[in-house]
Trainee: 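One structure, pasted below without further comment.
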Amino acid sequence: MSTVSRLGLFGGTFNPPHLAHLAIAEAMGDALGLEQVLWMPAAASPFKVGDPAAVSAEHRLAMVRLATADNPRFAVSDVELRRAGVSYTVDTVEALQAARPDRAITLLLGGDSLASFTRWHRWEDLLAMVRIAVYARPGSTLADLPEAVRARATFVEAPALDLSSTVLRKRLSEGKTIRYLVPEALRSYIAQHGLYQKRATA
């Protein structure tokens, strides 16, 4: 990772990761000429604290590693998981830049994350350190954001796959298949460990 000059930072809870995540990361990497897309599972999102659907950090990290294993441009970091607590992207970027000050970092975001960007911890400091690439979704717009954000953000076309981790968790809790929605190795891992299955209540 130390030799990479153009890095895309792809963060999220990845609970679980799925084919839309993979397709978006690949499309963004191609469009932006990124040497590496660094997947960064969050220990705890400031916007998802107490999420009852969460599984352990160890499982989420293992799933991301399985999902990305066959793509040489993808790498996985456990920096935020080892830090624990609520994950702030600005802290992660500062650590990455301290290790390689010459590295250009692009933050890869969805339109929903972009819409809340000015509520992020120290967002102005973060904006000064990175460029932002947004994978366009229907209704995505920069219009309501401050000029400082719009000046450093670019929309990139990515596959419009109607798939989310929420949908997968619901299917699993209902005993439905997720075959062809996640890599097969990941589907096997989820089944092996019984993740996201509805637990009987007393």
Side-chain angles (χ1 to χ4, degrees), residues 1-14 17-42 45 61 63-81 87-118 120 122-143 145-165 182-183 186:
M1 187 170 66
S2 61
T3 61
V4 174
S5 298
R6 297 188 305 278
L7 177 72
L9 184 59
F10 192 36
T13 49
F14 302 122
H18 48 69
L19 294 185
H21 287 135
L22 292 162
I24 287 167
E26 180 74 351
M28 298 284 273
D30 282 345
L32 301 167
L34 300 175
E35 295 173 67
Q36 187 176 83
V37 174
L38 185 63
W39 294 58
M40 185 74 65
S45 165
L61 179 63
M63 288 190 288
V64 172
R65 285 177 169 158
L66 283 170
T68 60
D70 65 349
N71 190 323
R73 178 159 46 187
F74 292 166
V76 182
S77 173
D78 64 353
V79 165
E80 293 193 353
L81 298 180
S87 297
Y88 292 118
T89 303
V90 66
D91 295 331
T92 300
V93 171
E94 284 179 336
L96 291 172
Q97 286 199 327
R100 271 288 305 278
D102 61 320
R103 179 164 44 197
I105 299 176
T106 301
L107 196 60
L108 310 183
L109 299 179
D112 51 348
S113 295
L114 179 69
S116 65
F117 187 78
T118 55
W120 289 25
R122 293 175 51 206
W123 69 269
E124 291 171 301
D125 292 335
L126 176 59
L127 194 62
M129 293 186 284
V130 300
R131 290 204 59 89
I132 297 174
V134 185
Y135 42 97
R137 288 176 173 169
S140 295
T141 178
L142 296 173
L145 294 168
E147 171 58 27
V149 177
R150 284 185 279 136
R152 293 186 66 81
T154 303
F155 277 117
V156 175
E157 286 191 13
L161 302 179
D162 188 16
L163 182 61
S164 71
S165 297
V182 299
L186 178 53

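Below, all heavy atoms of this structure are taken into account, side chains as well, without hydrogens, waters or symmetry copies.
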Trainee: Start with the C-alpha gap between Trp39 and Leu22, add the side-chain angles, then the distance that decides, and say whether side-chain contact (heavy atoms from CB on, under 4.5 Å) holds.
Mentor: CA-CA 10 Å; Trp39 294 58; Leu22 292 162; 3.8 Å; yes
Trainee: From Leu186 CG over to Arg65 CZ, what is the distance, rounded to the nearest 0.5 angstrom?
Mentor: 14.0 Å
Trainee: At what distance, to the nearest 0.5 angstrom, does CG of Leu34 lie from CZ of Arg73?
Mentor: 7.0 Å
Trainee: For Glu80 versus Tyr88, what's the shortest heavy-atom pair and its separation?
Mentor: OE2-O, 4.2 Å
Trainee: Of all heavy-atom pairs between Leu9 and Val93, which one has the smallest distance, and what is that distance?
Mentor: CD2-CG2, 3.9 Å
Trainee: Which distance, rounded to the nearest 0.5 Å, do you find between the CG of Leu161 and the CD1 of Ile24?
Mentor: 7.0 Å
Trainee: Pairs in or reaching into residues 124-136: which pass salt bridge (charged side-chain N to carboxylate O under 4.0 Å, His left out), with residues at least two apart or in two chains?
Mentor: Arg122-Asp125
Trainee: I need the Gln97 CD to Glu94 CD distance, nearest 0.5 Å.
Mentor: 8.0 Å
Trainee: Quick one: does Arg103's side chain have a donor or acceptor within less than 3.5 Å of a partner on Leu96's backbone?
Mentor: yes
Trainee: Val149 versus Leu114: any side-chain heavy-atom pair under 4.5 Å?
Mentor: yes
Trainee: Nearest heavy-atom pair of Ala67 and Pro183: which atoms, and what distance?
Mentor: CA-CG, 4.1 Å
Trainee: State, to 0.1 Å, how close Leu127 and Arg152 come at their nearest heavy-atom pair, and which atoms those are.
Mentor: O-NE, 2.7 Å
Trainee: Quick one: list whatever passes side-chain contact (heavy atoms from CB on, under 4.5 Å) with Glu157, sequence neighbours left out.
Mentor: none
Trainee: Surrounding CG of Asp102 (heavy atoms of other residues, nucleotides or ligands, distance under 6.0 Å), is the total greater than 12?
Mentor: yes
Trainee: Between CG of Leu126 and OG1 of Thr89, what distance do you get to the nearest 0.5 Å?
Mentor: 6.5 Å
Trainee: How far apart are the closest heavy atoms of Val37 and Ala25, and which atoms are they?
Mentor: CG2-O, 3.8 Å
Trainee: Side chains of Ser165 and Thr13: closer than 4.5 Å at any heavy-atom pair?
Mentor: no
Trainee: Would you check if His21 and Val64 make a side-chain contact, meaning some heavy-atom pair closer than 4.5 Å?
Mentor: no
Trainee: How are the rings of Phe10 and Tyr135 set to each other: parallel, tilted or perpendicular (split at 30° and 60°)?
Mentor: perpendicular
Trainee: Could I get the full list of side-chain contact (heavy atoms from CB on, under 4.5 Å) partners for Ser113, not counting sequence neighbours?
Mentor: Leu109, Trp120
Trainee: Look up atom CG in Asp78 and atom CE in Met40, then write down how far apart they are to the nearest 0.5 Å.
Mentor: 8.5 Å
Trainee: State, to 0.1 Å, how close Phe117 and Trp123 come at their nearest heavy-atom pair, and which atoms those are.
Mentor: O-CB, 3.4 Å
